[in-house]
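Every chain is numbered from 1, with letters handed out A, B, ... down the list of sequences.
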2 protein chains.
Amino acid sequence: MTLDREQVLRSAAALLTRKSTATMDEVARAAGIGRATLHRHFAGRDALVAALENLGIQEFEAALDAAALDEGSAEDGLRRLVTAVQPGAGLLSFLVTENQLFEGDDVNEGWSRLDARVSAFFRRGQERGEFRIDLTPAWLTEALYGLIGSCAWSVQTGRVAAQDFSYMIVELLLGGARRSVEK
Amino acid sequence: MTLDREQVLRSAAALLTRKSTATMDEVARAAGIGRATLHRHFAGRDALVAALENLGIQEFEAALDAAALDEGSAEDGLRRLVTAVQPGAGLLSFLVTENQLFEGDDVNEGWSRLDARVSAFFRRGQERGEFRIDLTPAWLTEALYGLIGSCAWSVQTGRVAAQDFSYMIVELLLGGARRSVEK
DNA sequence: AGTCGATGGGACATCGCTGTCTCACATGGG
DNA sequence: CCCATGTGAGACAGCGATGTCCCATCGACT
């Protein structure tokens with residue numbers, strides 16, 4: 001009967017992804033538990049968000065590991081990364097938004113580590129001549145986050161099919177919308 | 001002594017762009033007026049946001065008009081649009097986020113009109129052979145919003161120089177990060 | 001069956017924000 | 001000079017969300 005903490009976090013993530021202002025009561029209902037029980041496991045809203053943050057960081061880091069960014073071309077690596085990220089895309093964009101809201105310098109060090117990994121990936125791609133050098137790694141990183149968020153939202157509203165998720169992001173990020181002559 | 005309504009809206013936009021959860025009191029302070037005065041001019045928070053929405057729609061529509069999207073190449077049109085949008089980029093991304101939060105089917109009809117204009121622009125670009133046809137106009141539209149938001153945020157945090165705003169967005173959206181051989 | 005631990009529901013006080021009101025004051029016009 | 005309009009500051013009640021507590025209940029384990 002012990003509460004499935006993981007399951008609670010999953011449903012909370014799913015709900016907060018759609019409605020980031022959901023109350024503790026709504027989160028509890030969505031998880032199928034009572035508000036009191038939710039409070040027993042997460043001291044308060046802050047603690048809940050912190051737990052979600054850890055979950056998101058862990059998932060994103062796992063996606064980075066699974067993508068094996070350095071194997072093969074940078075393009076293939078990015079494609080694997082976006083595909084691996086898709087299941088947690090909603091949570092990721094919720095956390096990015098939440099982080100922007102957050103005014104405090106003590107940013108979770110997990111984010112800087114992840115940012116560094118993504119940024120380093122783009123930099124290596126530039127050094128290997130696969131990526132343009134006039135778009136900075138920092139911007140490409142932010143743009144990737146933005147596109148993931150936009151595409152997750154587009155999927156949720158039906159503007160983009162879920163199966164096209166990684167294609168739309170990677171093609172736009174790498175190839176751009178311009179129609180090249182040789183294609 | 002009459003209150004400068006426009007000025008209040010500007011500072012409210014600037015504040016809410018940075019901190020979208022700011023209270024009425026903070027908005028009033030930021031505008032250099034008392035909370036009571038703020039309430040005299042905007043019945044409540046909803047009314048304030050609605051006024052900001054109208055302002056944002058108006059600005060974005062003006063940018064669309066000023067960009068003259070149909071003159072010259074689609075690429076130049078997009079470049080003009082992004083440049084014209086830059087001053088209102090923060091407000092725009094605040095409103096986009098606010099709209100996602102909003103759960104009600106009565107979306108401000110201004111947005112659908114603007115969406116339609118942007119979407120139609122991408123579609124025309126496809127028909128003229130300037131844009132790829134495997135990325136749907138709806139996705140390109142959402143991606144444009146996302147990139148504008150990401151870049152505005154990046155500028156605010158110092159990751160991207162303000163003068164590079166339109167370059168970073170347009171180059172990424174049109175050309176992509178891949179380094180083509182002929183360049 | 002009996003006990004223990006965890007849960008759900010409800011009651012409760014508290015807190016922050018909101019919206020309204022009043023009053024004193026300043027500025028500008030008649 | 002006096003009046004009118006608009007403003008700032010503060011007080012006030014209302015509301016929704018939060019966090020804590022208690023108690024009845026349910027399930028698992030002995």
State plainly whether the residues [X] and [Y] are in salt-bridge range, i.e. N to O under 4.0 Å.
| X | Y | answer |
| --- | --- | --- |
| B:Glu171 | A:Arg132 | yes |
| A:Asp65 | A:Arg117 | yes |
| B:Arg10 | B:Glu59 | yes |
| A:Glu71 | A:Arg80 | no |
| A:Asp25 | A:Arg29 | yes |

Shortest non-hydrogen contact from A:Arg45 toward A:Ser20
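Answer, listing the atom of A:Arg45 first, then A:Ser20: NH2-O, 3.4 Å.
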Provide the closest heavy-atom pair for A:Trp139 versus B:Ser154 in the form atom of the first, atom of the second, distance.
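For A:Trp139 versus B:Ser154, the nearest heavy atoms are CE3-OG, 4.1 Å.
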In terms of side-chain heavy atoms of A:Arg29, which of D:dA9, C:dT7, C:dG9 is nearest?
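Minimum distance to the A:Arg29 side chain belongs to C:dG9.
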Using the side-chain hydrogen bond (donor to acceptor under 3.5 Å, both in side chains) criterion, which residues pair with B:Asp46? Sequence neighbours excluded.
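In terms of side-chain hydrogen bond (donor to acceptor under 3.5 Å, both in side chains), with neighbours along the sequence ignored, B:Asp46 is linked to no residue.
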Axis-to-axis angle across the helix from C:dA1-D:dT30 to C:dG30-D:dC1, five pairs an end, to 10 degrees?
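Taking five pairs per end, the axes differ by 10°.
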I'd like a table of atom pairs between the protein and nucleotides 17-20 of chain C - only N or O on both sides, under 3.5 Å - with the distance next to each one.
unit_1, atom_1, unit_2, atom_2, d
C:dT18, OP2, B:Met24, N, 3.0
C:dG19, OP2, B:His39, NE2, 3.2
C:dG19, OP2, B:Arg45, N, 3.4
C:dG19, N7, B:Arg35, NH1, 3.0
C:dG19, O6, B:Arg35, NH2, 2.9

Nearest whole angstrom, please: distance from the P of D:dG6 to the CG of B:Leu38.
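Rounding to the nearest Å, CG of B:Leu38 and P of D:dG6 are 17 Å apart.
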Figure out the NE2/P separation between A:His41 and C:dA6, and round it to whole Å.
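So the two atoms are 8 Å apart, to the nearest Å.
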What I want to check is whether an N or O donor and acceptor connect the side chain of A:Arg40 with the base of D:dG19 at under 3.5 Å.
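No pair found.
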Would you say B:Thr37 places a side-chain N or O within less than 4.0 Å of OP1 or OP2 belonging to D:dG8?
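Checking B:Thr37 against D:dG8: at least one side-chain N or O falls below 4.0 Å of OP1 or OP2.
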